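Here is the structure we will look at, set down as structure tokens.
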Amino acid sequence: MELASPIELESLPDDVVAAIEVRDRWRRRASAGGGLEFLVTDIARWRPGSTVRVAFLDGNDQLHADIAAATAQITDACNLKLDFGHDEAAGTFRRWTTADTAFAAEIRVSFDLPGFFSLVGTDSTDRTIGAGGGPVGGNPGQRSLNLGRFTVNRPAQWEGTVRHEFLHALGFHHSHQNMRGTCESEFRWDDEAGYVPTQDARGVFVEDAHGRQPGIYTYLAGEPNRWPRAKVNHNLRTQDDPDVVAGPFDARSVMLYRFPPFFYKSTPSSCAPTGNGQNLSDGDKRGLNLLYPHTTDELAGLQARADAVLQSIGAGPEGLAGSDGGKLAEAYRSRAQELAAAQTAGAG
């Protein structure tokens, strides 16, 4: 009997998640202290109307062309351009290397690490993320988006995977963590009563001899994910996050995972996707237009919010210096100022 393929979820490396969490706590305190309200709604997105460069670490030209083509649904729905550096005469696309000291591109794609993941929005060029080294981060020689194994074995719905990760790269978060959805209450976090921990030959937690199922915490603790409880909470549980602009829950979104049935308490579940996992939903397109609007009024409102930040960003909250003499906090502040200034560059 052939074993069912285990579910491998996307996740950024732990050190990258930790760096983002530290920075985001500073941003929230800075916002609460006055003057950085702009951070909680706009700072993760690229400037509407701008061009965001994409480059590839590995893979061949045909793979690069296919990925560029798959993202057309995204740019057709918003006021933003993705530039893959396509040389039509040579048939090549922009590349980057791990030795780069200047940004070849804002979004730096690789295929060589396990799994699928992307930094969210402007985190892709945030040098405080991955500052200690490592393969993933916001520095020029680090990966910001990974499509593991695409060079040897693309998944069946690879276009949907590409769109999912590139939406992360443009500022989108997972739909199952949308506070307006039902996933928090619909997910079956704990084992069924009486479940006896049972693993197959691969180390995957499976139903026990009496047909009782593991809960999400137990299942994801096994292969291939090996996630501790805190990592499950970070990646799956709903958070009322002030940094996230959440629209209505969209069951057709490509940002909603398709989990196995035992993840849900009910069948059919209100948290389960109803889309095909390939194409952007109408809700995805509305979200893109919200983040990257075309209209003059919306762009003017963006500039007004950014101007308010630039006027007050120097004051900031007290007591955020830290034992490093405030170097990290200053890096956070400078980055926030840089992003706010970038938003005003072409607005209005």
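Model, not experiment: these values are computed from the prediction.
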Counting N and O atoms only, with roles assigned by atom type, does the side chain of Asn146 sit under 3.5 Å from a partner on the main chain of Leu113, one being a donor and the other an acceptor?
-> yes

Is it true that Asp200 and Arg202 make a salt bridge, defined as a side-chain N closer than 4.0 Å to a carboxylate O?
-> yes

Hey, are Ser270 and Glu186 close enough side-chain-wise for a donor-acceptor pair under 3.5 Å?
-> no

With under 30° as parallel and over 60° as perpendicular, where do the rings of His176 and His174 fit, or are they tilted in between?
-> parallel

Will you find, in the side chains of Asp284 and Ser253, an N or O donor that is under 3.5 Å from an N or O acceptor?
-> yes

Regarding Asp250 and Ser281, is there a side-chain donor-to-acceptor distance under 3.5 Å anywhere?
-> yes

Aromatic Trp158 / basic Arg154 pairing, under 6.0 angstrom, 45° off normal | yes

Glu192 and Lys265: salt bridge (charged side-chain N to carboxylate O under 4.0 Å, His left out), yes or no, with the steps?
-> CA-CA 10 Å; Glu192 288 187 346; Lys265 292 178 180 177; over 6 Å; no

Are side-chain N/O atoms of Ser334 and Glu338 paired as donor and acceptor at under 3.5 Å?
-> no

Separation between CZ (Arg229) and CG (Leu220), nearest 0.5 Å, reads 12.0 Å

Check: Arg335/Thr125 side-chain N/O donor and acceptor closer than 3.5 Å = yes

In short, Leu236 meets Leu9 closest at the heavy-atom pair CD2-CD1, 4.2 Å

Take the angle between the ring planes of Phe111 and Phe56 and call it parallel below 30°, perpendicular above 60°, tilted in between.
-> parallel

Calculate, to the nearest 0.5 Å, the distance between atoms CG and CD belonging to Leu119 and Gln142 respectively.
-> 9.0 Å

Cut-off 3.5 Å, side chains only: do Asn279 and Gln73 have a donor facing an acceptor?
-> yes

Asn233-Tyr217 side chain donor-acceptor pair, cut-off 3.5 Å | yes

CG of Asp61 to OG1 of Thr92: how many Å apart, nearest 0.5 Å?
-> 6.0 Å

Output yes when Lys231 and Asp14 qualify as a salt bridge under the 4.0 Å nitrogen-oxygen rule, no when they do not.
-> yes

Are Glu184 and Arg237 ion-paired here, with the side-chain N under 4.0 Å from a carboxylate O?
-> yes

Residue pair Val22 / Arg25, side-chain heavy-atom distance below 4.5 Å | yes

Donor-acceptor pair, Asp191 side chain versus Gly215 backbone, under 3.5 Å?
-> yes

Establish, from distance only, whether the side-chain atoms of Gln278 and Glu159 form a donor-acceptor pair under 3.5 Å.
-> yes

Min side-chain heavy-atom separation Glu88-His86 under 4.5 Å = yes

Carboxylate-amine/guanidinium contact Arg143 Asp112, below 4.0 Å | yes

State yes or no: are the ring centers of His164 and Tyr257 separated by less than 6.0 Å?
-> yes

For Phe166 and Phe172, run ring-ring contact (aromatic ring centres under 6.0 Å, His included): C-alpha distance rounded to whole Å, both residues' side-chain angles, the deciding distance at 0.1 Å, then the answer.
-> CA-CA 9 Å; Phe166 269 84; Phe172 275 56; over 10 Å; no

Do any N or O atoms from the side chain of Gln157 and from the backbone of Asn276 form a donor-acceptor pair under 3.5 angstrom?
-> yes

Knowing that exactly one of Thr71, Leu167, Asp66, Val254 qualifies, which makes a side chain to side chain contact (heavy atoms under 4.5 Å, CB included) with Val162?
-> Thr71

Between Asp100 and Arg108, does a salt bridge (charged side-chain N to carboxylate O under 4.0 Å, His left out) hold up when you go through it step by step?
-> CA-CA 11 Å; Asp100 289 348; Arg108 297 169 306 285; over 6 Å; no

Identify whether the distance between the nearest side-chain nitrogen and carboxylate oxygen of Arg53 and Glu106 falls below 4.0 Å.
-> yes

Hydrophobic cluster membership, Leu80 vs Leu280, 4.5 Å side-chain cutoff | yes

Taking it one step at a time, do Arg252 and Asp282 satisfy side chain to side chain contact (heavy atoms under 4.5 Å, CB included)?
-> CA-CA 8 Å; Arg252 300 187 64 83; Asp282 289 342; over 6 Å; no

Rounded to the nearest 0.5 angstrom, the OG-CH2 distance for Ser11 and Trp227 is 4.5 Å

Taking C-beta and beyond as the side chain, do Ile67 and Leu147 meet within less than 4.5 Å on heavy atoms?
-> yes

Evaluate the side-chain proximity of Leu145 to Phe116: yes if any heavy-atom separation is below 4.5 Å, no if none is.
-> no

To the nearest 0.5 Å, how far apart are CG in Leu256 and OG1 in Thr274?
-> 8.0 Å

Do Val16 and Asp123 touch side chain to side chain, with heavy atoms closer than 4.5 Å?
-> no

Pair Lys285 + Asp76: basic N to acidic O under 4.0 Å | no

Measure the spacing between CD of Gln177 and CE of Met255 and express it to the nearest 0.5 Å.
-> 10.0 Å

Evaluate the ring planes of Trp189 and Phe187, with Trp represented by its six-membered ring, and classify them as parallel (under 30°), tilted (30 to 60°) or perpendicular (over 60°).
-> perpendicular

Within a strict 4.5 Å, meaning less than it, do heavy atoms of the Pro260 and Ile7 side chains meet?
-> yes

Looking at Asp83 and Arg94, does any basic side-chain N land under 4.0 Å from a carboxylate oxygen?
-> yes

Would you check if Asp58 and Ser110 make a side-chain contact, meaning some heavy-atom pair closer than 4.5 Å?
-> yes

Start with the C-alpha gap between Gln213 and Glu207, add the side-chain angles, then the distance that decides, and say whether side-chain hydrogen bond (donor to acceptor under 3.5 Å, both in side chains) holds.
-> CA-CA 4 Å; Gln213 295 282 1; Glu207 67 178 23; 3.3 Å; yes

Does the side chain of Ser124 come within less than 4.5 Å of Trp46's, by heavy atoms?
-> yes

